[in-house]
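Chain letters run A, B, ... following the sequence lines, proteins first, then strands; residues in each count from 1. Because the structure is predicted, anything quoted here is derived from the model rather than measured.
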Number of protein chains: 2
Amino acid sequence: MATRTEAQRRTDEKAAYDAYLAECPARRLLDRLSDKWVSLILTGLADGPRRYSDLNRLIAGVSQKMLTQTLRTMERDGLLTRTVTASVPVRVDYELTPLGRSLLPLMAAIKEWAETHIESVTEAQHAYDTGVPR
Amino acid sequence: MATRTEAQRRTDEKAAYDAYLAECPARRLLDRLSDKWVSLILTGLADGPRRYSDLNRLIAGVSQKMLTQTLRTMERDGLLTRTVTASVPVRVDYELTPLGRSLLPLMAAIKEWAETHIESVTEAQHAYDTGVPR
DNA sequence: CCGCATCCCGTGGGATACTG
DNA sequence: CAGTATCCCACGGGATGCGG
């Protein structure tokens, strides 16, 4: 497996994993990436490590349960690392792994798309709600 | 220094709509885009219009309720159009709008990332579950 | 064939209280 | 500070049946 080129390896993987299939591991991964908080956590860690409470403050509206839960899932998926500093009080830092960092620009692009196209979307909604005449 | 640069304009837009704020319309849009089925529907419509039943077959595991519901939300958001052909039996086609089409490459990139990096993720999970020694 | 309406259950996820 | 542990409700979402 070490002798194949990177391009060949990626082609093989694409053929083997199809997110359209319900049972495919890639579909389950896509579902996890589609989580409400993943994009915000990922982009929040763009500029380097952040403490738990720091993330909690940054991402308004997230409960500590969901923040912890999502961070754990992302850690398990290898997207970020969790570092505990045994001081008083305890300090926990989260930092993107190279894997997580490779996903960052994609998620950041989605987040930015939402921020820059929200006005078009709002207009479309209004047209739809007021019974758009054909 | 009279006219704003592109970078400045984007900064302004970012300031106006911030997905980190819970109440911001951009956050709500991002939440909708993070829906489990949006990326699959969007990429499924990449090559042109598709019929409802066609999408239903393509996207394995989606219930007709969720498919219809998600399609309606995306239609309302202006991401796609719904065209009913009054024949027997009825024919309904969905097609991306220019707005939806502008989002397509971003979502396709996420889907592809999932398909090409699933093996790394699976390895990370295994390492995590077996109590990774450091 | 398309998809709306209804029913209903599982669970996602919030609020609160407690620990190291 | 950074969680874990409970409780509990709302709603996501599946199954079924009907209507255009």
Side-chain angles (χ1 to χ4, degrees), chain A residues 20-23 27-41 44-45 48-77 80-95 128-129 131 134, chain B residues 20-23 27-41 44-45 49-77 79-95 128 131:
Chain A
Y20 285 124
L21 304 177
E23 306 307 323
R27 162 68 86 72
R28 284 195 289 268
L29 174 57
L30 184 60
D31 287 348
R32 263 172 282 141
L33 297 184
S34 297
D35 185 273
K36 198 176 178 182
W37 305 111
V38 168
S39 61
L40 293 174
I41 291 176
L45 294 175
R50 269 180 189 264
R51 302 186 58 170
Y52 177 89
S53 54
D54 200 6
L55 282 171
N56 204 8
R57 239 174 296 108
L58 175 68
I59 305 173
V62 67
S63 66
Q64 109 281 52
K65 174 180 176 178
M66 286 318 296
L67 183 55
T68 300
Q69 186 173 299
T70 309
L71 284 168
R72 284 298 143 81
T73 303
M74 292 173 71
E75 184 194 3
R76 180 166 182 265
D77 283 344
L80 49 79
T81 58
R82 176 173 179 270
T83 308
V84 180
T85 306
S87 57
V88 179
V90 182
R91 173 195 179 97
V92 181
D93 285 277
Y94 293 91
E95 182 171 18
Y128 184 91
D129 293 342
R134 291 139 296 182
Chain B
Y20 285 124
L21 304 177
E23 305 307 323
R27 162 67 86 71
R28 283 194 289 268
L29 174 57
L30 184 59
D31 287 349
R32 263 171 283 141
L33 297 184
S34 297
D35 183 275
K36 196 176 179 182
W37 305 111
V38 168
S39 61
L40 293 174
I41 291 176
L45 294 175
R50 268 181 189 262
R51 300 187 59 172
Y52 176 88
S53 53
D54 201 7
L55 283 172
N56 204 8
R57 239 174 297 109
L58 175 67
I59 305 173
V62 67
S63 67
Q64 115 280 52
K65 176 181 174 176
M66 287 318 297
L67 182 55
T68 301
Q69 186 174 298
T70 309
L71 284 168
R72 282 301 141 80
T73 303
M74 292 173 71
E75 184 193 3
R76 181 168 182 262
D77 284 343
L79 298 180
L80 49 79
T81 58
R82 175 174 179 268
T83 308
V84 181
T85 306
S87 56
V88 179
V90 181
R91 174 195 178 96
V92 181
D93 286 277
Y94 294 91
E95 182 170 17
Y128 183 92

**OP:** Check the pair B/L55 / B/R51 against side-chain contact (heavy atoms from CB on, under 4.5 Å), numbers first and verdict last.
**Re:** CA-CA 6 Å; B/L55 283 172; B/R51 300 187 59 172; over 6 Å; no

Could you tabulate the donor-acceptor pairs under 3.5 Å formed by side-chain atoms of residues 60-69 of chain A, not counting sequence neighbours?
unit_1, atom_1, unit_2, atom_2, d
A/S63, OG, A/M66, N, 3.2
A/T68, OG1, A/Y52, OH, 3.2
A/T68, OG1, A/Q64, O, 2.9

Polar atoms only, N or O, under 3.5 Å: list the protein pairs with nucleotides 16-20 of chain C and their distances.
unit_1, atom_1, unit_2, atom_2, d
C/dT16, O4, A/Q64, NE2, 3.1

Original post:
chain A on DNA chain D: first and last contacting nucleotide, 5' to 3', under 4.0 Å to a heavy atom?
Top reply: D/dC1 to D/dT4

Original post:
Does the B/Y20 side chain pair with the main chain of B/R27, one donor and one acceptor, at a distance under 3.5 Å?
Top reply: no

**OP:** Whole angstrom is fine here: how far is it from CG in B/D93 over to P in C/dC2?
**Re:** 9 Å

**OP:** Pull out every residue in residues 48-58 of chain A that has a heavy atom closer than 4.0 Å to any atom of DNA chain C, ordered by number, or say none.
**Re:** none

Contact list (N/O, under 3.5 angstrom) for nucleotides 6-13 of chain C vs protein:
unit_1, atom_1, unit_2, atom_2, d
C/dG13, N7, A/K65, NZ, 2.6

**OP:** First locate atom CD1 of B/I59, then atom CG of A/L21, and finally report the distance between them rounded to the nearest 0.5 Å.
**Re:** 11.5 Å

Original post:
Between C/dC2 and B/R82, is there an OP1 or OP2 to side-chain N/O distance shorter than 4.0 Å?
Top reply: no

Subject >> Donor-acceptor contact below 3.5 Å, side chain A/R50 vs main chain A/G44 >> reply: yes

Subject >> SB check B/R32 B/D77 (cutoff 4.0 Å) >> reply: yes

**OP:** Check salt bridge (charged side-chain N to carboxylate O under 4.0 Å, His left out) between A/D35 and all other residues, then give those that pass, not counting sequence neighbours.
**Re:** none

Original post:
Just how far is it from atom OG of B/S34 to atom CG of A/D31, taken to the nearest 0.5 Å?
Top reply: 12.0 Å

Subject >> For B/R28, salt bridge (charged side-chain N to carboxylate O under 4.0 Å, His left out) partners two or more places apart >> reply: none

Considering only distance and modelled atom types, tabulate donor-acceptor pairs under 3.5 Å from the side chains of residues 79-90 of chain B, sequence neighbours left out.
unit_1, atom_1, unit_2, atom_2, d
B/T81, OG1, B/E95, O, 3.3
B/R82, NE, B/Y94, OH, 3.4
B/S87, OG, B/P89, O, 2.8

Subject >> A/T73 OG1 to A/L33 CG distance, which is reported to the nearest 0.5 Å >> reply: 11.0 Å

Original post:
Between the two end axes of the helix from C/dC1-D/dG20 to C/dG20-D/dC1, each built from 5 base pairs, what angle do you get to the nearest 10°?
Top reply: 50°

Subject >> Within-4.5 Å side-chain heavy-atom neighbours: A/L30 and B/K36 >> reply: no

Original post:
Mind checking what makes salt bridge (charged side-chain N to carboxylate O under 4.0 Å, His left out) contact with A/R57, not counting sequence neighbours?
Top reply: A/D54

Original post:
What residues, two or more places apart in sequence or in another chain, satisfy salt bridge (charged side-chain N to carboxylate O under 4.0 Å, His left out) together with B/R72?
Top reply: B/E75

Original post:
How long is the gap from CG on B/L58 to OG on B/S53, to the nearest 0.5 Å?
Top reply: 11.5 Å

